Amino acid sequence: MRIILVRHGHPDYANDCLTPLGHLQAAAAAQRLKEEGIQKIYSSTCGRAMETARHTADVLGLAVEGMDAFREINWGSVDGSPMPYQGHPWDTADHMTATNQSLLDPDWAVTPPFAGNRVVECVRKVAAAADEWLLSLGYQREGLYYRVLKPAYDTVALFGHGGETAALLTHLFNVPFPFFCSAMGPDYTGIVVLTLPDAADGLVPVRFALVNDTKHIQGLRTENVFNR
């Protein structure tokens, strides 16, 4: 099975919708995706993600299933105490790099500068939602990997957000969240493709097939504002 992850188009964050440029990007993404054999479309229920998904859904004649669990993550101090960069995950990950802290620290969630950040619980919630979603698609989490049950589709697409995608990949690949905050900076409508085997006797990993493909928006790109 393939899972295609798509970030939303250029947003109007204040109104949680796409800008005119965002609609152009989403339309371009729909044309890019129309030959991918997508059988089912899922989306965060945030407006900017749903609007992006509907462009592809309209081209393919499919419905969009909204998923509250994959809405964009939140961040900030749990108890109101001061926190570098107000807890913004990507700035915090950049701070770790600048101060020579490992982005692969397995204790990242309880170690400064991420300790006490609301994003930690958000990442955990995305992980739980990911396992429930994958189980519905025919893959059961066992320990760190997945057991193939009966794949429900050959290819599905999930439209979402930069932070939510980083949290999702953190769980699927068993890699600390700060790493994906630093390594994954998808542009608007950036496409990530994951694969899982259709059959296996034991446990299987998730694999990357494509990371942050944005060729479809060349000429439409604006500055990459990777903040939500």
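Worth saying up front: this structure is predicted, and the values here are computed from it rather than measured.
- For A128, there are no side-chain contact (heavy atoms from CB on, under 4.5 Å) partners at least two apart in sequence or on another chain.
- Between the side chains of S77 and D79, a donor-acceptor pair is found at a separation under 3.5 Å.
- In this structure F179 satisfies the ring pair (Phe, Tyr, Trp, His ring centres under 6.0 Å) test with no other residue, sequence neighbours excluded.
- When all heavy atoms of C181 and A166 are compared, the pair lying nearest together is N-CB, 4.5 Å.
- Annotation: side chain of C122 is not in contact with side chain of W75 (no heavy-atom distance under 4.5 Å).
- A 4.5 Å side-chain heavy-atom check between R71 and S44 finds at least one atom pair inside the cut-off.
- Residue pairs satisfying the ring pair (Phe, Tyr, Trp, His ring centres under 6.0 Å) criterion with at least one member in residues 24-46, sequence neighbours excluded, are listed as follows: Y42-W133.
- Put simply, the side chain of N117 gets close to the backbone of G76: a donor and an acceptor are under 3.5 Å apart.
- Under the rule for a side-chain contact (heavy atoms from CB on, under 4.5 Å), the partners of A27 that lie at least two apart in sequence or sit in another chain are H55.
- Applying the side-chain hydrogen bond (donor to acceptor under 3.5 Å, both in side chains) test to pairs two or more places apart or on separate chains, those with a residue in residues 204-213 are R32-D213, D213-K215.
- Applying the salt bridge (Lys or Arg N to Asp or Glu O under 4.0 Å) rule to pairs touching residues 109-131 yields E121-R124, sequence neighbours excluded.
- Side-chain atoms of D68 and T45 form a donor-acceptor pair, as typed in the model, at a separation below 3.5 Å.
- In this structure, a donor-acceptor pair under 3.5 Å is absent between the side chains of R2 and T195.
- The minimum heavy-atom distance between V64 and S43, with the atom names listed, is CG1-CB, 3.6 Å.
- Residues satisfying the side-chain contact (heavy atoms from CB on, under 4.5 Å) criterion with D201, sequence neighbours excluded, are absent altogether.
- For residues 167-184, there are no salt bridge (Lys or Arg N to Asp or Glu O under 4.0 Å) pairs, not counting sequence neighbours.
- If you take CD on Q39 and OG1 on T155, they are separated by 6.0 Å, rounding to the nearest 0.5 Å.
- By the side-chain contact (heavy atoms from CB on, under 4.5 Å) test, D105 pairs with D107, T111, sequence neighbours left out.
- Scanning all heavy atoms of the two residues, the minimum distance from A93 to L103 falls at O-CD2, 3.7 Å.
- In this structure, L137 and M1 have side chains that are in contact, with non-hydrogen atoms separated by less than 4.5 Å.
- The aromatic ring centres of F173 and F208 sit less than 6.0 Å apart.
- Contact annotation: the side chain of S182 never approaches that of W90 to less than 4.5 Å [non-hydrogen atoms, C-beta and beyond].
- No more than 12 heavy atoms of other residues, nucleotides or ligands sit less than 6.0 Å from atom CD of E132.
- At a threshold of 4.5 Å between non-hydrogen side-chain atoms, the residues F159 and F70 do not count as touching.
- Counting heavy atoms from C-beta outward, M83 and P113 have side chains that stay 4.5 Å or more apart.
- Contact of the V204 side chain with the R147 side chain is not registered, since no non-hydrogen atoms from C-beta on lie closer than 4.5 Å.
- With sequence neighbours excluded, no residue forms a ring pair (Phe, Tyr, Trp, His ring centres under 6.0 Å) with Y146.
- Within the 4.5 Å cutoff, the side chain of I191 has no heavy atoms near those of the T214 side chain.
- Of the inter-residue distances, the one linking L60 atom CG with I41 atom CD1 reads 5.0 Å to the nearest 0.5 angstrom.
- Using a cut-off of 4.0 Å between Lys/Arg side-chain N and Asp/Glu carboxylate O, E65 and K40 are scored as salt-bridged.
- The ring pair (Phe, Tyr, Trp, His ring centres under 6.0 Å) check on Y153 picks up nothing, with sequence neighbours excluded.
- Under a 4.5 Å side-chain heavy-atom criterion applied to ILVMFWY residues, the cluster that includes L203 comprises L144, Y145 as well.
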